[in-house]
Amino acid sequence: MTNEPAGHRDIVLRLTDNGLRRISELHRAYDSLQYPLLMSFATDGWNLDLKMISRYKITQNQFYCFHFFTRLGNYLLQARKIFQLYLVDACVKIESERSQFLRREQNRLRADNYQNLKDTVVVRDKDPTNVGQQVILPATYCGGPRYMFEKQQDAMAYVRKYGCPDMFITVTTNPNRKEITDHLLEGQHPHDRPDLLVRVFSLKLKQTMHALKNGCLGSVDAWLYKIEFQKRGLPYAHNLLWMSRDSKIPPCMIDAVVSAEISDKNQDPELFTIVTSHMVHGPCGALNPNAPCMKDGKCSKQFPKPFVKDTEVGPDSYPKYQRKDVQSGGNCTVKKLVGHNIP
């Protein structure tokens, strides 16, 4: 974790003569010793002397990306939980080596010249618990404080120039997409292939952003997005769009772009299936007090939402979308929970 103390991993081997020997996690035999079921032939893993045909050194990222790619006969992809453990271990090794490089090369990175951090360092040194060598992470280190600060300043520059964003769009991962299920191996489930889930999500996000930037919802002056991961490991993205003056959506036209209602099953059965399968929250509240969204006996997402005949825009710029009840012409569906039908 960023800003957390970290040291070398203590890896000790017991030799055939009962002796002990410590090795680095970068040792060529580490992977085969740690995962004997995956590498029963003691195949060498990544090491510092590994090179391409062109004599350029191969990075850990390149090495593991090659071995995790989908190809015929790649038995790693069939290991399920062990494969996921191997993925996490490889990611830890890559990030550990990057952090160790930054620790060793502080002089070359000119960490002492970071003027915007000097005040923070001085204040931190007054705390007796912060004793030791300061390691400054550059802005190129993804997830570091300076990296996050620069991204936040870039986003605020958009706000200063274009004002508040006009659209907030969330792109989520559907593990049951045909592109995912068609490429699962025999007996696999979507959660067994996090590499496939992330790859399909990345392609779909690029496709979505290409459509938005090319006028799918109108002319766009600026855009940005942030990718996060849910607790169950599925990626999703938050997108902000600043529309041009001619494409801004007035309150009276919100219903033409956004719908928070269940569609008519007879008029559009495909959209009805998509909405009821992936976009209906809950059930929660008194019907399901153990739902993940429940906090202090209430839904943290403020569901169920009240019925509203017409879309309203509040003083905080957050709209209350049109949600008609059945008596006013709205539609309904049935959600099943532990054998109970909940309308």
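What you are looking at is a predicted structure, and each value in this text was computed from that prediction instead of being measured. We use all heavy atoms of the structure for the numbers below, so side chains are in, but hydrogens, waters and symmetry mates are not.
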Just checking, Arg177 and Phe201: is the charged tip under 6.0 Å from the six-membered ring centre and within 45° of the axis? no

How far apart are the closest heavy atoms of Lys320 and Val308, and which atoms are they? O-CG1, 4.3 Å

Residues Asp31 and Lys93 bridged, charged N to O under 4.0 Å: yes

Using atom types as modelled and distance alone, determine if a side-chain donor or acceptor of Gln322 lies under 3.5 Å from a backbone N or O of Asp255. no

Under a 4.5 Å cut-off applied to non-hydrogen side-chain atoms, are Ile249 and Met167 in contact? yes

If only atom types and distance count, is the side chain of Arg71 paired as donor or acceptor with the main-chain N or O of Phe66 below 3.5 Å? yes

Listed by chain and number, what are the side chain to side chain contact (heavy atoms under 4.5 Å, CB included) partners of Val12, not counting sequence neighbours? Asp10, Leu20, Arg22

Please write out which residues are connected to Val92 in a hydrophobic cluster, directly or through intermediates, given that two of Ile, Leu, Val, Met, Phe, Trp, Tyr count as joined at side-chain heavy-atom separations below 4.5 angstrom. Val88

Are there over 12 heavy-atom neighbours, none belonging to Glu270, within less than 6.0 Å of that residue's CD? no

Using atom types as modelled and distance alone, determine if a side-chain donor or acceptor of Ser99 lies under 3.5 Å from a backbone N or O of Glu95. yes

When you compare the side chain of Leu224 with that of Asp154, does any pair of heavy atoms fall below 4.5 Å? no

Looking at His210, is its backbone amide N or carbonyl O close enough to the side chain of Asn214 to form a donor-acceptor pair, meaning the two atoms are under 3.5 Å apart? yes

Side-chain cluster (under 4.5 Å, hydrophobic types only) that Leu26 belongs to, other residues: Tyr35, Leu37, Leu38, Met39, Trp46, Leu48, Leu50, Met52, Ile58, Phe63, Tyr64, Phe68, Tyr75, Leu76, Leu77, Ile82, Phe83, Leu85, Tyr86, Leu87, Ile94, Leu185

Flag the pair Tyr225 / His238 as yes when their ring centroid distance falls below 6.0 Å, and as no otherwise. no

Kindly say whether Lys204 contributes a backbone atom to a donor-acceptor pair with the side chain of Thr208 at under 3.5 angstrom? yes

Taking the side chain as every heavy atom from C-beta outward, state whether Met243 and Asp221 have any atom pair closer than 4.5 Å. no

Please name the pair of heavy atoms, one in Arg104 and one in Glu97, separated by the smallest distance, quoted to 0.1 Å. NH2-OE2, 3.7 Å

Is any side-chain heavy atom of Ile262 less than 4.5 Å from a side-chain heavy atom of Thr333? yes

When you measure from the side chain of Trp242 to the backbone N and O of Gly163, does any donor-acceptor pair fall under 3.5 Å? yes

Does the pair Lys298 and Asp296 meet the rule for a salt bridge (charged side-chain N to carboxylate O under 4.0 Å, His left out), with working shown? CA-CA 6 Å; Lys298 298 181 180 180; Asp296 299 328; over 6 Å; no

Over all atoms of both residues, closest heavy-atom pair of Ser263 and Asp268: OG-O, 4.1 Å

What do you reckon, is NE2 of His281 surrounded by more than 12 foreign heavy atoms closer than 6.0 Å? yes

Do Ser219 and Arg245 get their side chains close enough for a donor-acceptor pair, meaning under 3.5 Å? no

Backbone of Thr273 reached by a side-chain donor or acceptor of Thr276 within 3.5 Å: yes

Smallest heavy-atom separation, Ser300 atom then Lys295 atom, equals CB-CD, 4.1 Å

Count the heavy atoms belonging to other residues, nucleotides or ligands that lie under 6.0 Å from CD of Gln302, then report whether that count exceeds 12. no

If you look at every heavy atom in Pro319 and Ile254, which pair is closest and at what distance? CB-CD1, 4.3 Å

Would you check, one step at a time, whether the test side chain to side chain contact (heavy atoms under 4.5 Å, CB included) holds for Leu241 with Ile169? CA-CA 8 Å; Leu241 300 180; Ile169 302 175; 3.8 Å; yes

